[in-house]
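This report refers to the structure that appears directly beneath it.
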Amino acid sequence: QVELRVMYYTDGIEDQVLGEQISRFEAENPGIKVALDVVAYKQIVEGLPVQLAAGEGPDIARVTDLGGLAKYYLDMRPYLEDAGYWVENFGPFLPWLRQEGDTESVCGYMTQMTVTGPFVNKTLFEQAGVAMPAKGATWEDWAAAVNEVARKLDIPIPLAMDRSGHRMAGPAISQGAAYFDAAGEPAVVDEGFKRMAQLLVDWHNDGTMSKELWGSVSGSSYRGANEEFGNAQVVMYMSGSWQIAQFSEQIGDDFDWWAVPNPCGPGTCTGMPGGAAMVAFKDTEHPAEVTKLMEFFAREDNLEDFYSRTLFIPGHVGLSAKGIDFQTDNPNAKHALGVFAEHIGEISPTAFQLQGYPFNRVMFNAAISRVNQAIVGEMSLDEAYGRIEQDVEQQIAEKKRGG
Amino acid sequence: MADLRLRGIAKSFGATEVLRDVELEVADGEFVVLVGPSGCGKSTLLRIVAGLEKQSAGDIEIGGANVNAVPAADRGLAMVFQSYALYPHMTVYKNMAFALENTRMPKEQITARVREAAAMLRLGELLERKPAQLSGGQRQRVAIGRAMVREPKVFLFDEPLSNLDAELRVAMRKELATLHASIKATMVFVTHDQTEAMTLADRIVVMRAGVLEQIGRPLDVYNHPANLFVAGFIGSPRMNFFAAAAEGGRLRLAAGGMMDAPPGIALADGAKVTVGVRPEHVAIGTAAGCDPFAGAVEINEQLGGESYLYCGCGLEEQVVVHSPGQNELRVGDRIELALPPGRAHVFDGDGKVVRPA
Amino acid sequence: MADLRLRGIAKSFGATEVLRDVELEVADGEFVVLVGPSGCGKSTLLRIVAGLEKQSAGDIEIGGANVNAVPAADRGLAMVFQSYALYPHMTVYKNMAFALENTRMPKEQITARVREAAAMLRLGELLERKPAQLSGGQRQRVAIGRAMVREPKVFLFDEPLSNLDAELRVAMRKELATLHASIKATMVFVTHDQTEAMTLADRIVVMRAGVLEQIGRPLDVYNHPANLFVAGFIGSPRMNFFAAAAEGGRLRLAAGGMMDAPPGIALADGAKVTVGVRPEHVAIGTAAGCDPFAGAVEINEQLGGESYLYCGCGLEEQVVVHSPGQNELRVGDRIELALPPGRAHVFDGDGKVVRPA
Amino acid sequence: MISRLLHFLGRGRGTGGRPHVTDVLTWLYLALGVFLMFAPVLWLGLSSFKTQAGLIEYPPTLAPLEQITVPVEGYDEPLPLFRVTGEDGVVRELAQVRRVGIISLMVDPAAPAERIKVPIDSIEKVREVKLAFENYAYPIAKLNFLGYLGNSVFVTVAATAITLVINSMAAFGLAIYRFPGRNVALGLVIGTLMFPLTIILVPTYLIVTELGMTNSLWGVILPGAATPTGVFLLRQYMLTIPGELIEAARLDRASEWQIYWRIVMPLALPALAVLAIFSVIWRWNEFLWPLIVLNRSENFTLQIGLHSFSGEFYTRWNYLLAMTVLTLLPVLFVFGWLQRFITTGIASAGIK
Amino acid sequence: MRQRLRELAALPWLLAMRALDRPFRLLQRGIGQGGMPYFFLVPNLLFFGTFVILPLLVNAAYSLTGGTELFLEDRPWIGAEHFGHLFACGDLLDPATCREDNFWRAIYNSMKFVTLQVGFMVALSLLTALVLNRKIRARGFFRAVFFFPVLLSPVVVALIWKWVLHRDGVLNALLESLGGDKILFFIDPGWAMFWAIFVSIWAHMGFYTLILLAGLQAIPPDLYEAAEMDGTSKTRTLWRITLPMLWPNLVVVIVLAMIKSVQTFDEVFVLTGGGPGTATQLIVQYIYDTGFASQVQNFGLAAAASYVLAVILIALTVIYIALAFRPDAKHA
Ligand SMILES: Nc1ncnc2c1ncn2[C@@H]1O[C@H](COP(=O)(O)OP(=O)(O)OP(=O)(O)O)[C@@H](O)[C@H]1O
Ligand SMILES: Nc1ncnc2c1ncn2[C@@H]1O[C@H](COP(=O)(O)OP(=O)(O)OP(=O)(O)O)[C@@H](O)[C@H]1O
Ligand SMILES: [Mg+2]
Ligand SMILES: [Mg+2]
């Protein structure tokens with residue numbers, strides 16, 4: 001009897017769905033027992049790295065720091081029955097799970113593909129009688145439109161954006177930010193990034209964005225605007241595909257919440273990809289069984305079942321192409337899922353590169369915390385740029401020192 | 001005016017009844033001494049007067065005003081606690097000055113008063129000590145000093161001299177008498193010391209088990225105890241009691257022999273009474289009007305200036321005889337004793353004294 | 001064997017020297033009473049013997065063995081604290097049983113012993129009370145009981161009867177004597193009560209300011225005080241002192257008049273001495289060998305069985321005169337006093353007694 | 001305000017039987033306390049019965065409300081009820097069939113045949129108080145609730161017991177004795193007070209790993225057992241116990257151990273109760289440390305278990321709150337029981 | 001009956017202690033009374049050494065090594081470099097000139113926070129303890145009321161207060177109904193600090209109140225009686241009797257409040273997130289972010305910062321301890 005441990009966090013019903021699949025797996029494989037440990041997300045972020053470092057981790061986990069933990073991942077290839085299936089269907093995302101220099105290994109699959117992109121309260125637009133900017137509109141266009149809606153209807157927050165460097169990265173790349181220099185080394189601050197930063201500062205100063213969300217917290221803290229959006233206090237909310245399930249439960253059809261295409265900048269019109277991956281750890285005592293379980297999870301039928309019920313954008317090329325019949329009868333959700341699926345195709349390569357960079361969070365966090373300090377007036381934007389570069393440089397250096 | 005009036009005071013702690021229907025009037029400037037066996041409710045009574053404990057029933061008047069609802073701080077009394085209750089974190093000086101500082105008295109005046117009291121209490125050297133660094137008697141004196149410096153209208157003393165040596169106690173006694181005379185305060189004083197009670201009191205109050213048994217001037221109480229209890233309690237060693245029965249106008253003692261009834265006392269024939277004679281009145285040898293009886297010295301307590309002989313006379317209790325000075329008697333020596341009828345007290349079956357007609 | 005030997009004990013608290021060179025031997029089974037003015041170091045001495053305080057110098061031997069390094073728990077003594085130190089969270093019963101439980105005595109035996117002690121101390125009703133619910137005297141009795149039940153070889157009592165009423169005190173005194181006789185324990189007993197000291201002690205130890213002034217059998221100390229201090233301290237009211245000068249084999253009193261020197265005492269002419277006569281020896285009227293001098297009654301302390309007259313005789317201090325029984329003298333009455341030479345003590349300029357040749 | 005309150009604590013009392021100004025102020029203070037301390041908690045209780053949507057609704061409602069739905073003839077599902085203000089100002093209650101953009105399609109439940117189009121800014125949900133018991137039912141059913149509860153109870157009881165015993169022993173040693181090294185030990189205790197657990201989380205985890213206690217409840221229990229806080233608290237309290245009691249006990253031939261548990265412990269009961277309350281709460285609510293030590297769900301404590309409702313983007317506040325309320329009940333009970341020991345002031349009655 | 005039950009509940013404890021009695025008596029015979037204090041200290045110090053001192057030593061080693069590795073043997077020695085970084089400042093008083101500007105911002109925020117929070121915390125918990133120590137009806141209930149917030153986890157505390165302080169929250173509703181304007185409390189540094197302090201006091205006051213309540217109980221009641229007989233006003237009784245007698249416990253409260261205040265982290269973090277900007281970012285948050293929550297876990301820098309913090313704390317505490325240990329151990 002082999003016991004496998006799966007550490008899993010949940011934003012909704014994923015754990016239920018996975019639990020059912022595990023039961024099926026156990027029925028198929030009587031020799032393997034799988035324990036599903038549903039934990040707080042905090043444990044994945046803060047507990048798991050230490051546990052892994054100390055050699056006390058689980059066999060499989062759902063993680064979001066894809067590259068950061070790559071050194072602990074199990075390369076499943078020796079045990080995989082059909083490595084080709086994995087390369088074929090998870091190919092674009094596998095590099096995210098690899099250590100620098102590694103181009104081969106297969107360590108996991110995406111339980112969830114996410115794309116960042118804005119939602120709007122369409123009902124407000126209708127009530128205000130303002131036309132929604134069409135696909136291809138710039139951020140400035142949107143800003144003008146949401147401001148108009150807000151003014152007409154006395155809505156407190158025209159535009160909200162998750163306080164997250166990751167959320168900011170899409171628009172920044174659209175503004176032309178490259179995030180890396182020619183040598184592939186991190187270089188956050190460039191003209192494009194500065195344009196975006198300037199925009200954010202301006203928006204906060206002219207009331208397009210509310211300081212309540214960005215201004216009110218420090219450092220790299222995440223802060224979303226779900227509540228405000230759900231209470232119809234936000235016209236446009238730059239967030240991401242993972243919100244769909246929540247919105248359908250929370251907002252239902254109190255108003256029409258629509259996902260809209262990512263607005264454009266001088267560069268492009270991209271969102272950021274992202275997501276969570278299921279990975280196997282090499283410290284496991286049962287690599288073969290672990291792989292077997294992973295293969296079971298990653299089977300097309302199981303994944304389809306999973307994605308369709310959790311309303312996650314598939315991180316499976318085949319399923320993406322085929323399209324998923326999401327199990328929801330909320331028209332807003334259906335619409336949004338469609339829009340986000342479209343976003344995927346529009347993601348810029350820079351965004352992919354950034355997402356694949358193991359220490360992207362260093363860049364994200366530096367950007368968000370320093371730009372934020374500029375927004376609240378603790379420092380000028382120029383100082384902020386300097387600090388961002390210093391922060392990134394220092395942390396990467398530290399990382400490289402004892403690697 | 002600081003007269004003190006207790007009307008029908010009762011007190012229970014849960015089921016324990018500690019005081020019962022206490023009626024007492026203390027005139028302004030009077031010195032009343034409260035005596036009674038340990039645990040009879042003396043401290044409780046003082047605490048009720050002070051306002052530290054709430055009586056279960058009854059009224060307290062001070063200076064004519066009912067103070068039932070007046071908190072302790074406003075009753076204007078000073079009290080020396082049986083347990084001292086010194087402030088452990090303050091020096092002796094501070095302990096004594098504390099109450100005065102409360103009244104916003106000028107500093108020099110406080111210092112003067114405290115120094116004066118300290119000198120009187122022989123605490124002069126110790127003013128900067130904390131209570132933990134004092135001996136038992138020194139602590140007690142600080143407690144007295146704390147009350148004294150306040151010069152209030154009413155003083156309550158709860159066994160204030162119990163831990164002092166004889167010499168100091170005599171000195172303190174004098175000082176208290178002087179204090180009393182000079183500030184004319186009303187004083188209620190609890191003591192177990194007979195000498196203190198007899199010498200200090202204007203009136204003595206004898207308590208037993210929460211009840212006032214007798215109130216009177218010291219020698220009255222001593223000479224005319226109202227009942228067996230008071231007779232036994234006042235005077236040390238205590239009065240000797242002899243069971244007796246009236247027989248033809250005389251008394252037949254259970255110890256054997258007859259004696260005359262004390263002058264003026266007529267008893268119905270056959271009445272069972274108790275005859276009480278104080279140790280200093282028991283005659284060694286013979287006494288007119290009483291058949292002598294024999295006793296064997298069982299204990300000979302020689303106190304130096306006087307002696308007490310504890311004699312076995314075939315009774316349940318020893319007969320205590322006072323003999324002045326020192327003596328050469330040895331345990332086992334036999335002596336003749338007699339009870340002078342003129343010195344005898346007679347108590348009826350209920351323990352109440354039988355007064356001469 | 002539980003004899004107790006103190007050799008050169010000294011104790012200082014910081015700069016305060018509390019005991020100096022104390023030498024004392026207490027035989028096994030002996031009852032020693034420690035007396036001395038308040039603050040003279042009695043409690044400190046007991047605490048050092050008990051091992052609660054470390055002496056600054058000197059050795060303590062119990063049963064022949066040096067116990068300097070033996071912790072209090074292992075010295076096998078019982079002590080009654082002047083402050084009682086009852087365990088506030090335990091009932092009276094538990095307080096008394098605690099020590100016995102520590103010796104793993106069977107439960108029934110503990111109960112029996114505690115009940116016996118409680119009965120003796122008249123605490124029978126109170127066994128389930130906590131100390132906070134007791135009167136002062138009751139607490140003190142619990143403290144005694146706690147020591148008594150242990151029946152140790154050495155008892156240390158620090159003013160154990162000070163808060164008891166006279167009757168109870170006499171009873172307790174007897175009980176202690178009985179206890180002493182029955183378990184033959186060595187006892188060191190601190191008291192301020194002259195009667196207790198005189199009646200209980202095999203030997204009395206008189207202390208002053210950390211120094212032992214005299215050790216001796218009670219009547220010896222009473223009759224032959226070694227110095228002025230002891231003479232004044234033992235006996236209450238204290239001995240009267242008269243300044244005098246030797247003049248041709250007789251003594252000229254500062255009060256006026258001459259008196260014979262006490263028998264056997266020869267003094268160099270002109271020597272300044274102090275003559276001491278106890279109140280009970282001052283003669284009212286005349287005395288052979290002494291010129292009478294006049295006094296005016298200033299205070300007439302009537303204790304019932306006896307009286308003390310405080311007379312002004314033109315001296316710095318009043319002359320105290322004992323008069324048996326009660327009297328009718330009033331303040332201001334003039335009486336004649338005389339000092340019987342046979343009863344007088346003579347002290348030299350240093351306060352040391354002058355012994356008859 | 002502070003000075004006024006201080007003043008009131010110090011004022012002398014007036015005469016007569018009527019309530020004194022200090023009593024009035026006391027009651028005012030207590031009323032304020034109840035309002036400030038308790039009202040939010042009341043909200044917590046009520047909110048634990050709200051739906052997730054109701055929880056994050058602004059402006060917030062006090063009571064848990066839910067929209068009324070009514071069965072309407074001709075419709076399979078019950079329809080949500082709205083209060084509609086007509087253009088003429090007449091208010092009607094209508095059921096909504098469907099919403100298209102800013103127009104709501106409604107029917108009168110009494111006359112289901114006719115459909116009415118209403119602009120959505122003139123409609124308002126009709127709601128009633130409804131307790132969402134599923135907030136409780138679902139997590140209990142879903143989580144291994146009893147298992148978590150058992151783990152929590154074990155951790156709390158064992159940790160508190162160990163903490164009380166070893167801390168009180170150390171405090172006893174530091175308060176009652178004078179011995180070489182005492183100041184060093186005291187310094188250590190106080191010095192280490194300075195470092196929050198968060199700071200030494202990682203090294204402590206390494207040590208726990210070395211001891212093989214990861215994934216065991218002992219790994220949760222032991223590291224926090226020797227709290228400097230507890231030692232310090234107890235020691236300071238024990239300083240107030242009269243020394244003569246200890247001397248008396250020594251003379252009563254009590255061993256030092258007996259002095260500890262028969263004299264000092266009972267007398268330090270109030271402080272022990274404080275520490276026990278503190279320890280129980282701390283262990284019961286402890287989150288970060290177990291989170292790191294435990295990663296197997298059979299070992300999870302309640303706190304870890306119920307936080308599995310907090311995900312990356314989304315926290316199920318309704319479950320979390322309901323479970324919070326549920327987990328509060330036992331500690332509340334324990335507090336109610338222990339707080340009485342805090343007010344058993346006894347330490348002084350035996351000394352004159 | 002209840003008495004019986006209580007005795008029953010205490011029985012296991014009694015039995016255990018009694019069972020231990022004989023071995024400990026033997027032990028005492030062995031090591032002597034003078035050795036016993038060590039014995040009493042050993043269990044605690046054992047735990048303490050293993051789970052506190054040892055980690056602190058490891059932490060010290062971290063502060064002198066670099067990289068992001070967990071195991072010391074993997075970490076390169078870099079000496080005092082981290083400390084150097086922390087103190088690389090143009091002007092110590094101006095965080096903007098420092099290399100680790102957020103460290104110094106956090107230090108200054110913490111100082112502000114601690115000063116105000118400790119002062120009010122001690123004063124309020126003392127006041128509350130005094131009120132709750134009065135003979136009032138339903139004392140148990142009120143004690144529970146004031147204590148209740150201590151039971152809540154920081155997340156719940158923050159949730160509750162967000163409900164109050166939100167733009168559309170209860171407080172703003174109240175302000176509006178009184179004719180005022182809404183206040184966005186969390187975008188104003190002053191307000192954010194105020195509420196951070198307020199809420200942390202709200203959340204922890206009950207604990208200190210409890211300590212003080214226990215301390216008040218240890219004051220002999222006859223001192224109050226004596227004070228009353230001395231005609232002492234209530235204010236003076238408070239200052240001259242209660243506070244001095246409460247001192248040992250007050251020291252506990254002051255020291256603990258101060259230390260815990262410096263260590264405040266989650267409840268403020270969940271409430272204000274350290275904002276606006278970095279206005280309420282406290283030192284422990286900095287350490288936690290640097291060493292733990294960030295992707296590149298810089299244990300070394302975090303450890304160095306924690307020692308700097310400890311030095312500051314110790315300096316502060318020494319002042320109090322100097323006062324605290326005047327009435328020192330009294331026995332043996
Ligand atoms: N800790 C201390 N520091 C300084 N002096 C002290 C200390 N303890 C006691 N003393 C002093 O030592 C002397 C002796 O004290 P001790 O208690 O032995 O007196 P005592 O003879 O028992 O007096 P009493 O009859 O009043 O109880 C006293 O003068 C006292 O003030
Ligand atoms: N809190 C209480 N609960 C129950 N009984 C009490 C309480 N306080 C005192 N008593 C009892 O009340 C009685 C009277 O106590 P009180 O202290 O007045 O006696 P006392 O006359 O002062 O005695 P002593 O001379 O011994 O000091 C005692 O029997 C005592 O046991
Ligand atoms: Mg009394
Ligand atoms: Mg003494």
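Letters A, B, ... mirror the listed sequences (proteins, then strands); counts begin at 1.
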Does D:R253 use its side chain to pair, donor to acceptor, with the backbone of C:A73 at less than 3.5 Å?
-> yes
Atom pair CD/CE of D:E244 and C:M79 - distance to nearest 0.5 Å | 8.0 Å
Proximity breakdown for C:A78 and chain D, heavy-atom pairs closer than 4.5 Å = neither
Sequence neighbours left out, what pairs pass salt bridge (Lys or Arg N to Asp or Glu O under 4.0 Å) with at least one residue falling in residues 60-71 of chain C?
-> C:R7-C:E61
Could you tell me which non-hydrogen atom of D:L245 sits nearest to which non-hydrogen atom of C:P88, and how far apart they are?
-> CD1-CD, 3.6 Å
Measure across D:E247 and C:L52 and return the closest heavy-atom pair with its distance rounded to 0.1 Å.
-> CB-CD2, 3.5 Å
If you check every heavy atom in residues 177-190 of chain C against those of chain D, which residues fall under 4.5 Å?
-> none
Neighbour count >12 (heavy atoms, 6.0 Å) for atom CZ, C:F13 | yes
Does CZ belonging to C:R20 count more than 12 external heavy atoms closer than 6.0 Å?
-> no
Can you tell me how far CZ of D:R262 sits from OH of C:Y87, rounded to the nearest 0.5 angstrom?
-> 9.0 Å
With only heavy atoms counted, which part of C:R47 is less than 4.5 Å from chain D, the side chain, the backbone, both or neither?
-> side chain
Calculate, to the nearest 0.5 Å, the distance between atoms CE and CD1 belonging to C:M90 and D:I263 respectively.
-> 4.0 Å
Distance in Å, C:M96 CE paired with D:D252 CG, rounded so as to fall on 0.5 Å steps | 12.0 Å
Look at atom CZ of C:R122 and say whether more than 12 heavy atoms of other residues, nucleotides or ligands are closer to it than 6.0 Å.
-> yes
Give a yes or no on this: more than 12 heavy atoms of other residues, nucleotides or ligands lie within 6.0 Å of atom NZ of C:K107.
-> no
Closest heavy-atom pair and its distance - C:N102, D:Q258 | OD1-NE2, 2.8 Å
Shortest non-hydrogen separation from D:A249 to C:F98 and the atoms involved | CB-CE2, 4.1 Å
